[in-house]
**Q** 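Here it is, the structure, as structure tokens.
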Amino acid sequence: MAANSLTITDNRTGKSYEVPVTDGTIKAMDLRQIKTGADDFGLMTYDPAFMNTASCRSAITFIDGDKGILEYRGYPIEDIADKASFLEVAYLLNEGEFPNTAQLAKWTDDVRYHTYVHTNVIKFLEGFRYDAHPMGMLLGAVGALSTFYPDAKHIDDPRNRYVQRVRLMAKFPTIAAFCFRHSHGLPYEFPRNDLSYIGNFVNMTFSIGGKHEPNPVLQRALEILLILHADHEQNCSTNAVRSVGSSHVDPFSAISAGIAALYGPLHGGANEAVLRMLDEIGSKDRIPGFIEKVKKGEGRLMGFGHRVYKSYDPRAKLIKHIADEVFQQTGMNPKLEIALQLEAIALKDDYFIQRKLYPNVDFYSGLIYQAMGYPTDYFTVLFALGRLPGWLAQWEELVKDGEQKIARPRQIYTGPRKRKFSK
Ligand code: ACO
């Protein structure tokens with residue numbers, strides 16, 4: 001019997017099976033041989049929400065949720081956030097290494113070359129109502145890009161995949177900024193390729209009459225926030241990108257699936273939900289009453305809890321420092337005081353301690369975005385902009401992974417069978 005194996009005894013039949021254990025996992029398909037008879041389909045696992053199922057091998061992001069560790073390609077997030085630019089991080093996630101000077105120059109030039117979108121994209125955006133949610137606009141417009149680049153369907157060609165990834169990195173900020181302008185009823189501000197990636201995005205959102213005076217502290221704070229969001233292994237939206245991408249659709253369509261998943265309040269939409277929650281609480285004296293409601297199951301403490309982190313989210317720690325720097329520039333926000341006290345009370349409360357519920361990346365990010373001048377319904381767009389390099393890297397990894405096939409889970413059928421049909 002091999003040391004790295006699992007022996008399973010099926011008490012229904014008395015038979016024993018030996019299943020190899022590799023990287024702390026067994027292959028679900030190895031269970032299929034466990035049958036009660038010739039017409040038995042074979043044993044399956046039941047795992048709604050993938051609570052204990054690895055869906056891929058990945059060399060991009062490492063998380064230890066118990067210890068609060070996050071690494072991109074092996075580099076601790078704390079070091080990356082301190083020293084790297086967003087474009088360097090995007091390169092690292094996608095190519096596996098930080099770029100050298102020549103590689104960074106080429107990567108930056110490639111992205112800069114593709115920042116403009118076809119003017120017909122503007123016509124789509126103009127079709128949205130004045131109060132359309134920017135995430136809805138973003139996912140529609142990014143999905144529509146596939147119609148402009150039909151060559152993107154050639155996903156077996158590495159050079160072609162690179163071009164599409166560059167296009168997405170380049171055009172995403174432009175579309176995201178256009179969504180912002182649409183919501184504000186402002187004319188679209190076109191990309192300025194003399195500016196940095198972040199500088200150009202900020203300019204496209206805030207420039208009025210062709211003028212915007214950038215605040216370097218706020219710009220670097222935004223850049224760090226995007227870096228902190230850049231990848232997070234097999235989260236809901238990344239899983240959506242991989243699942244849709246597994247059908248071999250073009251990357252624009254796969255990424256728009258990721259945007260759709262991110263939109264939800266249990267995922268990227270949580271940063272928006274935190275602000276709405278802080279508004280609902282309204283003042284510090286109402287915090288204890290709110291916590292009691294949450295403990296009774298009447299709503300959740302948004303920005304708290306995580307499927308993987310069962311200790312303080314390392315990104316939330318870094319974001320707290322960014323908040324200090326940003327609020328020094330913009331002045332204190334009364335909602336930050338509510339948030340700080342809410343966190344302090346929750347961290348001492350048995351309900352949250354027992355369930356290992358700590359602030360996640362979204363608890364403070366919304367407050368910072370608001371201080372920067374972004375409206376609440378735009379926060380998740382900023383999250384999407386940050387997460388894009390991770391989605392692209394995960395999509396690239398998926399396409400190259402010979403073990404992957406079209407994602408197609410099984411089910412346990414619970415409905416009726418063989419009913420008599422009569423009209
Ligand atoms: N407030 C109050 N109770 C909570 C919270 C919360 N934020 N999160 C989890 N719980 C409780 C649940 O009610 C449950 O309690 P029970 O055991 O008594 O039934 C227990 O903690 C476990 O919760 P699950 O929902 O099983 O945990 P899961 O891992 O499925 O959910 C999630 C993780 C979705 C992030 C959850 O913690 C949540 O809804 N948080 C609020 C939304 C949020 O901030 N999302 C952003 C996540 S980070 C990101 O996507 C970038």
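We count ligands from 1, going down the list as the structure has it; atoms in each ligand are counted the same way.
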**Q** Which of the numbered atoms in ligand 1 are under 4.0 angstrom from any heavy atom belonging to A270?
**A**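 Selected atoms, number and element: 43 (C), 44 (O), 45 (N), 46 (C).
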**Q** Which of the listed options, K295, M51, R300, holds the heavy atom that is closest to atom 23 (O) of ligand 1?
**A**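 Result: the heavy atom closest to atom 23 (O) of ligand 1 is in R300.
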**Q** Indicate yes or no: does an N/O atom of V361 lie under 3.5 Å from an N/O atom of ligand 1?
**A**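 There is no such contact.
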**Q** Counting only heavy atoms on the protein side, is anything nearer than 4.0 Å to atom 11 (C) of ligand 1?
**A**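 It does: a protein heavy atom is found less than 4.0 Å away from atom 11 (C) of ligand 1.
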**Q** Could K335 and D279 be called an ion pair, given the rule that one side-chain N must be under 4.0 Å from one carboxylate O?
**A**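 So K335 pairs with D279 through a salt bridge.
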**Q** Just need the protein heavy atom nearest to atom 48 (S) of ligand 1, so name the residue and atom and give the distance.
**A**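 Going atom by atom, the protein heavy atom closest to atom 48 (S) of ligand 1 ends up being H306 CD2, 3.6 Å.
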**Q** Judging by distance only, is a nitrogen or oxygen of L266 under 3.5 angstrom from one on ligand 1?
**A**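 Yes; at least one N/O pair falls below 3.5 Å.
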**Q** Could you tell me whether E126 and K123 make a salt bridge, using a distance below 4.0 angstrom between a side-chain N and a carboxylate O?
**A**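 Salt bridge absent between E126 and K123.
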**Q** Any luck finding a side-chain donor-acceptor pair between N94 and E396 under 3.5 Å?
**A**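 No - no donor-acceptor pair under 3.5 Å links their side chains.
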**Q** Within ligand 1, which atoms have a heavy atom of V294 less than 4.0 Å away?
**A**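 Those of ligand 1 that fall under 4.0 Å from V294 are 1 (N), 2 (C).
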**Q** Counting heavy atoms not belonging to N52, are there more than 12 under 6.0 Å from its CG?
**A**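 Not more than 12 within 6.0 Å, no.
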**Q** For atom 7 (N) of ligand 1, find the nearest protein heavy atom and state the residue, atom name and distance (0.1 Å precision).
**A**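 For atom 7 (N) of ligand 1, the nearest protein heavy atom is L301 O, 2.7 Å.
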**Q** Pull out every atom of ligand 1 sitting under 4.0 Å from any heavy atom of R355, numbered as shown with elements.
**A**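 Numbered from 1, ligand 1 contributes 11 (C), 15 (O), 16 (P), 17 (O), 18 (O), 20 (C), 21 (O).
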**Q** Closer than 4.0 angstrom, basic N to acidic O: yes or no for R129 and D131?
**A**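 Yes, R129 and D131 are salt-bridged.
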**Q** Show me which atoms of ligand 1 lie under 4.0 Å from any heavy atom of H267.
**A**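 Counting from 1, the qualifying ligand atoms are 46 (C), 49 (C), 50 (O).
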**Q** Can you tell me how the ring of F206 sits relative to the ring of Y374, calling it parallel under 30°, perpendicular over 60° and tilted otherwise?
**A**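 The arrangement is tilted - the two ring planes meet at 30° to 60°.
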**Q** For D362 and ligand 1, does the shortest N/O to N/O distance drop below 3.5 Å?
**A**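 N/O-N/O distance under 3.5 Å: no.
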**Q** Measure the acute angle between the ring planes of W107 and Y162, then classify it against the limits of 30° and 60° as parallel, tilted or perpendicular.
**A**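 Tilted: the ring planes of W107 and Y162 meet at 30° to 60°.
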**Q** Using a strict threshold of under 4.0 Å (side-chain N to carboxylate O), is an ion pair present between D109 and K106?
**A**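 Here K106 does not pair with D109 in a salt bridge, since their nearest N and O are not under 4.0 Å apart.
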**Q** Nearest protein heavy atom to atom 30 (O) of ligand 1: under 4.0 Å?
**A**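 It does: a protein heavy atom is found less than 4.0 Å away from atom 30 (O) of ligand 1.
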**Q** Please write down residue, atom name and distance for the protein heavy atom closest to atom 42 (C) of ligand 1.
**A**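 Going by distance alone, atom 42 (C) of ligand 1 is nearest to M302 CE, 3.4 Å.
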**Q** When the ring planes of F148 and F124 are compared, do they come out parallel, tilted or perpendicular, using 30° and 60° as the limits?
**A**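 Perpendicular, since the angle between the ring planes exceeds 60°.
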**Q** Run down the list Q354, R387, R315, R307 and name the one with the heavy atom closest to atom 28 (P) of ligand 1.
**A**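 Among Q354, R387, R315, R307, the closest heavy atom to atom 28 (P) of ligand 1 belongs to R307.
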**Q** Just to confirm my output: which protein heavy-atom neighbour is closest to atom 35 (C) of ligand 1, and how far is it?
**A**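 Answer, as residue, atom name and distance: G305 O, 3.6 Å.
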**Q** Can D401 and R242 be counted as an ion pair, charged N to O under 4.0 angstrom?
**A**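 No, this pair does not count.
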**Q** Is ligand 1 under 4.0 Å from a heavy atom in the side chain of V274, in the backbone, in both, or in neither?
**A**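 For V274, no heavy atom sits under 4.0 Å from ligand 1.
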**Q** For atom 40 (N) of ligand 1, what is the nearest protein heavy atom, given as residue, atom name and distance?
**A**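 Its nearest protein heavy-atom neighbour is F304 O, 2.9 Å.
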**Q** Taking atom OH of Y113 as the centre, does the number of heavy atoms from other residues, nucleotides or ligands within less than 6.0 Å exceed 12?
**A**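 Count not over threshold, so no.
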**Q** Using the ring pair (Phe, Tyr, Trp, His ring centres under 6.0 Å) rule, pick out the option among Y309, F62, W391 that qualifies with H232.
**A**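 Of all the options given, the one that passes is Y309.
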**Q** Is there a side-chain contact between V326 and Y369, using heavy atoms and a 4.5 Å cut-off?
**A**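 No, side chains not in contact.
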**Q** Please work out which of L262, L357, T380 has its closest non-hydrogen atom nearest to atom 4 (C) of ligand 1.
**A**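 Nearest heavy atom to atom 4 (C) of ligand 1 lies in L357.
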**Q** Output the list of atoms in ligand 1 that are nearer than 4.0 Å to some heavy atom of F383, sorted by atom number.
**A**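 Per the distance check, 51 (C).
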**Q** Could you tell me which atoms of ligand 1, counted from 1 in the order shown, lie closer than 4.0 angstrom to a heavy atom of G303?
**A**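 What qualifies from ligand 1 is 43 (C), 44 (O).
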**Q** Distance to 0.1 Å, residue and atom name: give those for the protein heavy atom nearest to atom 3 (N) of ligand 1.
**A**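 Here the nearest protein heavy atom works out to Y351 OH, 3.0 Å.
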**Q** Determine whether more than 12 heavy atoms belonging to other residues, nucleotides or ligands lie under 6.0 Å from atom OH of Y130.
**A**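 Incorrect, the count does not exceed 12.
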**Q** Any nitrogen or oxygen of K310, main chain or side chain, under 3.5 Å from a nitrogen or oxygen of ligand 1?
**A**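 No; every N/O pair is 3.5 Å or more apart.
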**Q** Using a heavy-atom cut-off of under 4.0 Å, does the side chain or the backbone of H232 touch ligand 1, or both, or neither?
**A**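 The answer is neither.
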